Amino acid sequence: MTSDTLVEISDLNFSYDARPILKGINMTMKRGQLIAIMGGSGSGKTTLLKLIGGEVIPSAGYVKFSDQVVHELDRDGLFEIRRKMGMLFQFGALFTDLSVFDNVAFQMREHTDLPESMIRDLVLMKLNAVGLRGAHHLMPAELSGGMARRVALARSIALDPMLMMFDEPFTGLDPISLSVIGSLIRRLTDTLGMTSIIVTHDVQESLSIVDYVYFVADGVIAAHGTPSEVRESVAPFVHQFVHGEVDGPVPFHYPAQSYPQDLNLEKTLV
Amino acid sequence: MFKQLASSISNIGSRAIDGIWRLGHAARFFLLVLLKSGTSFQRFGLVIRELYYVGVLSLIIIVVSGLFVGMVLGLQGYETLQKYGSESAVGTLVALSLVRELGPVVSALLFASRAGSAITAEIGLMKATEQLSAMGMMAVDPVSRVVAPRFWAGVISMPFLAAIFSVMGVFGGYLVTVMFIGVDVGSFWSQMQSNVDFRIDIINGFIKSCFFGVAVTAIAVFEGYDSPPTAEGVSGATTRTVVTSSLAILGLDFILTAFMFRGI
Ligand SMILES: Nc1ncnc2c1ncn2[C@@H]1O[C@H](COP(=O)(O)OP(=O)(O)OP(=O)(O)O)[C@@H](O)[C@H]1O
Ligand SMILES: [Mg+2]
């Protein structure tokens with residue numbers, strides 16, 4: 001008997017040193033859902049993914065992954081659930097001492113006893129899905145930024161995980177690869193029945209593929225809803241974000257003292 | 001004035017505490033690496049791959065330095081011994097200095113700067129580019145998959161490198177004294193053979209190089225794993241590896257020599 005909910009986040013708080021990053025986040029992610037998390041740069045989206053993967057420990061609240069509280073697991077328990085997760089890191093994080101092929105094959109070799117011939121087929125299939133089958137012999141240093149991210153994507157789905165976390169899968173992609181990768185993520189979610197979380201700034205592309213959207217701002221969920229609700233929304237925050245306006249409730253600047261004060265202009269101005 | 005004094009004293013204190021804390025941290029990390037070495041031996045291929053990078057690529061510098069150190073020893077030794085008319089003992093002198101001291105110590109110093117720094121930089125960069133986090137997220141422990149194989153590769157290579165260094169040194173001494181200066185070839189080898197003891201000299205030299213191998217690679221993997229994930233962080237860690245392991249080699253050498261040859 002498995003419940004419908006794969007990831008449950010309840011009243012999650014997290015701070016780096018004394019600086020609160022996340023303040024009371026609540027989310028529910030169902031199996032088979034494709035969820036987008038959006039929010040300004042530095043709003044704590046990557047940190048949220050790290051909390052789900054158990055890489056950092058919350059200061060209050062919890063993340064549950066198939067009914068287990070992630071930060072209460074011991075190391076073996078954590079590794080057990082991580083085998084069911086895939087994570088695309090924001091900066092790719094390919095193993096630079098392994099070729100593209102070996103990067104994608106890495107988890108298959110570590111966690112399965114598949115014969116090498118089958119690994120080869122699987123790897124080429126995964127690479128084909130991201131359009132890089134021909135690049136399997138290259139080293140990561142020989143790839144462009146966008147290619148590296150696509151290889152990282154192929155690597156993260158290598159073992160067909162239950163939960164996929166994509167940290168900005170669309171950055172650095174041209175419009176063609178962008179929509180190919182977008183529909184690939186949608187298709188994988190549907191055919192494998194996995195749950196996918198994409199962190200993204202690409203509002204239009206993600207609204208066209210996801211089932212649900214959360215907006216994170218200032219450490220709290222500022223708004224959430226289905227794509228059509230979001231498009232219709234008149235909430236100033238959502239409107240500003242969806243339409244990319246500069247003026248509105250989302251500040252562009254990292255908190256700081258006033259600009260004239262920083263430039264020591266006070267005396268001349270008074 | 002008093003405040004300044006107080007603050008500088010508390011500064012010294014906090015530095016000492018930091019240092020000791022780091023030492024404890026390093027010791028725990030060392031134990032962790034030992035505990036997680038199982039994978040390295042079950043999948044020895046991982047260690048063999050690192051043996052190439054750590055050991056084989058250090059061969060050139062070891063061979064060349066060994067040759068030169070041996071040649072200098074031969075020249076200097078001959079100059080001095082000749083004054084006492086015992087130039088046939090030059091073979092013994094060269095071999096004993098190499099096997100007991102210079103082989104293990106100089107090859108370990110070279111190893112620290114050639115391979116130790118490379119290990120630190122590689123692990124540090126893997127950390128800075130999130131490769132270690134990514135591995136952890138794939139449920140593969142970076143300590144057993146990345147750190148332990150490098151550690152064992154270093155530990156295994158060091159005695160071999162020291163032995164090769166000594167052999168090359170003896171050969172260098174032979175070249176200079178027998179081939180160029182013209183010391184009698186028979187007495188060169190026979191004196192060496194009768195005065196170099198297998199247990200006292202060769203085994204003790206071997207033990208030394210094992211200790212040095214453990215010290216250098218343990219420091220190198222710790223500094224890499226512990227380095228701040230930035231460019232300055234990695235470069236600082238690389239420097240610390242070379243400095244700390246050189247000091248560790250010389251300190252350990254004194255202690256080991258005292259135990260081995262003075263019988264304390
Ligand atoms: N290792 C760290 N130590 C201290 N603070 C950190 C650390 N990593 C991130 N932060 C801080 O946490 C906040 C959230 O960072 P996070 O990486 O989660 O942002 P993000 O939403 O993913 O941003 P972006 O869209 O730019 O990737 C930032 O303000 C950042 O300064
Ligand atoms: Mg981020």
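Treat the numbers as computed from the prediction; the structure is a model and nothing was measured. Below, read A as the first sequence line, B as the second, and so on, with proteins coming before strands; counting in each chain starts at 1.
With chain A as partner, the option from B:M126, B:R43, B:R145 having the largest number of non-hydrogen pairs under 4.5 angstrom is B:R145. The choice from A:Q90, A:R75, A:M85 that makes the most heavy-atom pairs within less than 4.5 Å of chain B is A:R75. Between chain B and the residues A:E55, A:E110, A:M165, A:M87, the most heavy-atom pairs under 4.5 angstrom are made by A:E110.
For B:T39, no part lies near chain A; criterion is any non-hydrogen pair under 4.5 Å. With a threshold of 4.5 angstrom between heavy atoms, A:F89 approaches chain B through side-chain atoms but not through N, CA, C or O. Residue A:L159 does not touch chain B at all, counting heavy-atom pairs closer than 4.5 Å.
Residue B:E130 holds its CD atom at 8.5 Å from CG of A:D167, rounded to the nearest 0.5 Å. How far CD of B:Q131 is from CG of A:N103: 8.0 Å, rounded to the nearest 0.5 Å. Between the NE2 atom of A:H111 and the CE atom of B:M138 there is a distance of 8.5 Å, given to the nearest 0.5 Å.
A 6.0 Å sphere centred on CZ of B:R240 holds more than 12 heavy atoms belonging to other residues, nucleotides or ligands. Counted within 6.0 Å of CZ on B:R22, heavy atoms from surrounding residues, nucleotides or ligands total more than 12; the atom is thus considered enclosed. Within 6.0 Å of atom OH in B:Y53, 12 or fewer heavy atoms from other residues, nucleotides or ligands are found, so the atom counts as exposed in its surroundings. Atom CD of A:E116 has more than 12 heavy atoms from other residues, nucleotides or ligands within 6.0 Å. Residue B:F211 qualifies as open at atom CZ: its count of foreign heavy atoms under 6.0 Å is 12 or below. By the neighbour-count criterion of 12 heavy atoms within 6.0 Å, atom CZ of B:F68 is sparsely surrounded, having that number or fewer from other residues, nucleotides or ligands. Within 6.0 Å of atom CZ in B:F206, 12 or fewer heavy atoms from other residues, nucleotides or ligands are found, so the atom counts as exposed in its surroundings. Shown here is B:F171, whose CZ atom has no more than 12 heavy atoms of other residues, nucleotides or ligands within 6.0 Å.
Residues A:L49 and B:M137 fail the side-chain proximity criterion, which asks for heavy atoms closer than 4.5 Å. By the 4.5 Å heavy-atom criterion applied to side chains, B:V140 and A:Q107 are not counted as neighbours.
Judged by distance alone, the side chain of A:R82 and the main-chain N or O of B:G136 form a donor-acceptor pair under 3.5 Å.
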